[in-house]
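In listed order, ligands and their atoms are each counted from 1. Along the sequence shown, residues carry numbers from 1.
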Amino acid sequence: MPSDSMHCLFDSRTIAARVSELGAAIDHAYSRAQAPLVAVCVLKGAFVFFADLIRQMQTPLELDFVRLASYGQQTTRQEKVHFSKDIEVSVQGKHVLIVEDIVDTGHTLAYLKQVFQARRPSSIAVCSLIHKTGRREIDLPVDFYGFALDKGFVVGYGLDCAEAYRQLDAIYELTEPASAPRG
Ligand code: PRP
């Protein structure tokens with residue numbers, strides 16, 4: 001259930017319409033692709049978006065999942081330096097589409113691109129549900145995105161706050177600073 005300390009930014013109908021547009025845009029971008037496409041979901045936050053997005057696409061694809069883990073307890077984005085779960089398919093010679101729920105500082109995406117680039121894919125592109133610009137530290141292109149935000153701590157539709165709210169079918173901004181640990 002949403003709480004009093006959050007307000008809806010994008011409801012489920014708005015999200016569905018945008019995801020449909022994104023699927024069409026991605027299909028168009030890969031319509032002349034010669035190599036296979038691998039769509040990579042970055043767990044956990046992207047799982048809801050990923051499931052909806054791939055079902056709005058016609059381009060044949062393989063799908064796989066990664067999960068990043070942090071060292072230590074004082075975690076910062078820069079410390080997210082290894083996979084706790086790597087993909088299992090080969091991306092060599094294939095097009096890779098990284099699907100994120102949010103690009104914030106950019107450190108996670110920078111790490112992912114660096115790791116995948118070393119595996120010699122045909123290309124790497126990024127699709128993020130939220131393209132959040134106000135705290136960006138590493139400027140990398142986000143090829144496709146659902147919604148641009150400057151700031152704010154957003155939850156729902158896969159995004160969490162201390163693991164809560166992922167199941168909500170809309171995207172909310174937390175308005176209570178105490179419940180918004182970053183953003
Ligand atoms: C979130 C999100 C991105 C990352 C973006 O992951 O899913 O992977 O942060 O942040 P950045 O651009 O500042 O690096 P989180 O660590 O919250 O894990 P989760 O997806 O499991 O919630």
message: Heavy-atom distances under 4.0 Å decide this one: backbone, side chain, both or neither, for Arg135 against ligand 1?
response: neither
- prompt: Counting heavy atoms not belonging to Glu163, are there more than 12 under 6.0 Å from its CD?
  reply: yes
task: Quick one: sort the Tyr111 and Phe83 rings into parallel, tilted or perpendicular, breaks at 30° and 60°.
output: perpendicular
query: Is it true that Phe10 and Phe147 have ring centroids separated by less than 6.0 Å?
result: yes
query: What atoms of ligand 1 come closer than 4.0 angstrom to any heavy atom of Thr108?
result: 4 (C), 5 (C), 8 (O), 10 (O), 11 (P), 14 (O)
statement: Per-atom filter on ligand 1: closer than 4.0 angstrom to a heavy atom of Leu43 are 20 (O), 21 (O)
message: Using a 4.0 Å cut-off to any heavy atom of Asp160, which atoms of ligand 1 qualify?
response: 22 (O)
- request: State the atoms of ligand 1, each with its element, that fall below the 4.0 Å cut-off from a heavy-atom position in Arg67.
  value: 21 (O)
Side chains of residues 14-24: which donor-acceptor pairs under 3.5 Å do they make with residues two or more places apart or in other chains?
from  : atom 1 : to     : atom 2 : distance (Å)
Thr14 : OG1    : Asp11  : OD1    : 2.7
Arg18 : NE     : Gly146 : O      : 2.7
Arg18 : NH1    : Glu21  : OE1    : 2.7
Arg18 : NH2    : Tyr145 : O      : 3.0

message: Using a 4.0 Å cutoff against the non-hydrogen atoms of Gly106, which atoms of ligand 1 qualify?
response: 11 (P), 12 (O), 13 (O)
message: Within the structure, is a non-hydrogen atom of Ile102 found at a distance of less than 4.0 Å from ligand 1?
response: yes
query: Any side-chain donor-acceptor pair under 3.5 Å between Thr175 and His7?
result: no
task: Could you tell me whether ligand 1 has any atom less than 4.0 Å away from a heavy atom of Lys132?
output: no
field: Proximity of Phe65 and Phe47 rings by center, below 6.0 Å
entry: no
- request: Can you sort out which atoms of ligand 1 are near Thr105, meaning under 4.0 Å from one of its heavy atoms?
  value: 11 (P), 12 (O), 13 (O), 14 (O)
query: Does Glu163 have a heavy atom less than 4.0 Å from any atom of ligand 1?
result: no
task: Indicate, as side chain, backbone, both or neither, the part of Arg166 found under 4.0 angstrom from ligand 1 when only non-hydrogen atoms are considered.
output: side chain
task: Test Leu37 against every option in Val96, Leu97, Leu63 by the side-chain contact (heavy atoms from CB on, under 4.5 Å) rule and name the one that passes.
output: Leu97
statement: Among Glu100, Lys44, His107, Arg136, closest by heavy atom to atom 3 (C) of ligand 1 is Glu100
- request: Just jot down the ligand 1 atoms closer than 4.0 angstrom to any heavy atom of Asp101, in number order.
  value: 2 (C), 3 (C), 7 (O)
query: When you check the gap from the basic side-chain N to the acidic O, do Arg119 and Asp86 get nearer than 4.0 Å?
result: yes
- request: Would you mind telling me which of Val103, Leu149, Asp101, Val142 makes a side-chain contact (heavy atoms from CB on, under 4.5 Å) with Ile130?
  value: Leu149
